[in-house]
Amino acid sequence: MRMILVGPPGAGKGTQAARLVDLFRIPHISSGDMFRAEVKAGTELGQELDRLMKTGGLVPDDVTIPIVLKRVTQPDTAKGFMLDGFPRTRPQAEALDAAMTKAGVALDAVVLIEVPDALLEERAVMRRSDPETGKIYHLKYNPPPPDVAGRLVHRADDTKEAVTKRVTKYHSETAPIIPFYQEKGILKRVDGVGDPDAITERIKAVLES
Ligand code: ADP
Ligand code: ADP
């Protein structure tokens, strides 16, 4: 299974990806996680990424594309992968398409998780993640257990201001990849509002259809 999860910030991509990769036994490739690891490592690139990401901007295509394409050609992706957060621009979608065609493989599905803008700010601002387990929590909808509370991370770009900018960027930069995949007949739309378990079932259903 070679698939992509697309959706605005806070749509539930990371939450659903974690469940689906266990089910399909494929690697979870999150461009955001890769960039945050670089920031944490404190490299020169990491410092540049930190400045861009904090303010809700996108990392330029000429930085993003080689990093992600290198990852999707590693041996553990031979039987498939789940891309989460990439592609996020039309040039990224075209670069992925060209690389996959060259490798003689094709995407099976692009799942678009749809959530109204009005719900995204609350989802992102109250998001917390556990750096030890990688688990994603929400202070209201998926509260963390008390024993992990002390080590939870609140992302620097999960502020009201940065989320507003990221949502605007989603509409201007990322939404144009939707018709690209629609034309290929592999776009599957899923309603991302409701219980996360119900959403996993919706995704499984569209993947089987
Ligand atoms: P994304 O990767 O698309 O930005 P996440 O999976 O990190 O989204 O989810 C964003 C926040 O919303 C997290 O705090 C998560 O716990 C919460 N969340 C995820 N799915 C749902 C849902 N179906 N309903 C309510 N909150 C959700
Ligand atoms: P979310 O889960 O909220 O959608 P991500 O973790 O996927 O956020 O991404 C966080 C930030 O990392 C983005 O706002 C952007 O700055 C950067 N980023 C991640 N993936 C990409 C990408 N494919 N292209 C450009 N920037 C990216």
Side-chain angles (χ1 to χ4, degrees), residues 4-21 28-40 45-46 48-69 71-72 82-96 111-116 118-130 134-144 152-159 161-174 176-177 190-203:
I4 299 176
L5 280 183
V6 184
K13 302 181 295 295
T15 300
Q16 295 302 326
R19 294 155 176 248
L20 296 164
V21 294
H28 175 195
I29 303 176
S30 157
S31 44
D33 285 350
M34 290 168 78
F35 293 153
R36 282 185 289 276
E38 195 71 34
V39 172
K40 207 172 169 187
L45 172 64
E48 189 190 327
L49 295 176
D50 191 34
R51 280 192 293 276
L52 280 166
M53 289 162 73
K54 241 185 211 151
T55 54
L58 286 181
V59 177
D61 286 339
D62 61 351
V63 175
T64 304
I65 292 170
I67 292 177
V68 181
L69 291 189
R71 178 66 190 89
V72 292
M82 156 93 54
L83 270 174
D84 160 9
F86 180 96
R88 235 184 182 92
T89 64
R90 184 87 185 203
Q92 290 179 15
E94 283 165 4
L96 177 68
V111 174
L112 172 62
I113 305 181
E114 297 185 296
V115 174
L119 301 183
L120 299 174
E121 183 188 309
E122 186 192 48
R123 284 212 190 173
V125 170
M126 288 200 220
R127 164 165 45 196
R128 297 292 184 275
S129 51
D130 182 341
K135 281 201 173 131
I136 306 165
Y137 296 101
H138 189 278
L139 295 179
K140 186 165 157 192
Y141 301 119
N142 180 20
L152 294 178
V153 173
H154 182 206
R155 277 169 45 181
D157 59 346
D158 277 344
T159 60
E161 296 71 27
V163 175
T164 303
K165 195 166 158 200
R166 285 156 63 206
V167 172
T168 304
K169 284 262 171 207
Y170 173 78
H171 290 296
S172 62
E173 305 288 325
T174 307
I177 72 173
V190 169
D191 177 5
V193 181
D195 185 75
D197 288 340
I199 296 162
T200 308
E201 290 309 313
R202 287 175 206 158
I203 297 175

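Remember, it's 1-based here, ligands and their atoms both numbered in the order they're listed. Computation of the quantities below employed the complete heavy-atom set of this structure, encompassing side-chain atoms and omitting hydrogens, waters and symmetry-equivalent molecules. The residues of the chain are indexed from 1 along the displayed sequence.
- Evaluation of the ring-ring contact (aromatic ring centres under 6.0 Å, His included) rule for His138 yields Tyr141 as partners, not counting sequence neighbours.
- Scanning for side chain to side chain contact (heavy atoms under 4.5 Å, CB included) contacts around Leu58 gives Arg88, Thr89, Lys169, Glu173, with sequence neighbours left out.
- Of all atoms in ligand 1, numbered sequentially from 1 with element shown, those under 4.0 Å from a heavy atom of Ile199 are 23 (N).
- Close contacts of ligand 1 with Tyr137, meaning ligand atoms under 4.0 Å from a residue heavy atom, involve 13 (C), 14 (O), 16 (O).
- Sorted by first and then second residue, the salt bridge (Lys or Arg N to Asp or Glu O under 4.0 Å) pairs involving residues 5-18 (not counting sequence neighbours) form an empty list.
- Each of the following atoms of ligand 1 lies closer than 4.0 Å to a heavy atom of Pro196: 22 (C), 23 (N).
- Side-chain atoms of Arg166 come within 3.5 Å of backbone N or O of Asp157 as a donor-acceptor pair.
- No hydrogens or angles considered: nothing links the side chains of Glu121 and Thr164 as a donor-acceptor pair under 3.5 Å.
- Between Asp195 and ligand 1, a contact under 3.5 Å exists for no N or O pair.
- Protein residues with any heavy atom under 4.0 Å from ligand 2: Pro9, Gly10, Lys13, Ser31, Gly32, Phe35, Arg36, Met53, Gly57, Leu58, Val59, Thr64, Gly85, Phe86, Arg88, Gln92, Arg127, Arg155, Asp157, Arg166.
- Put simply, the side chain of Gln92 never gets that close to the backbone of Thr64: no donor and acceptor are under 3.5 Å apart.
- The closest donor-acceptor contact from the side chain of Asn142 to the backbone of Ile136 lies under 3.5 Å.
- Between Arg128 and Val153 the shortest side-chain heavy-atom distance does not fall below 4.5 Å.
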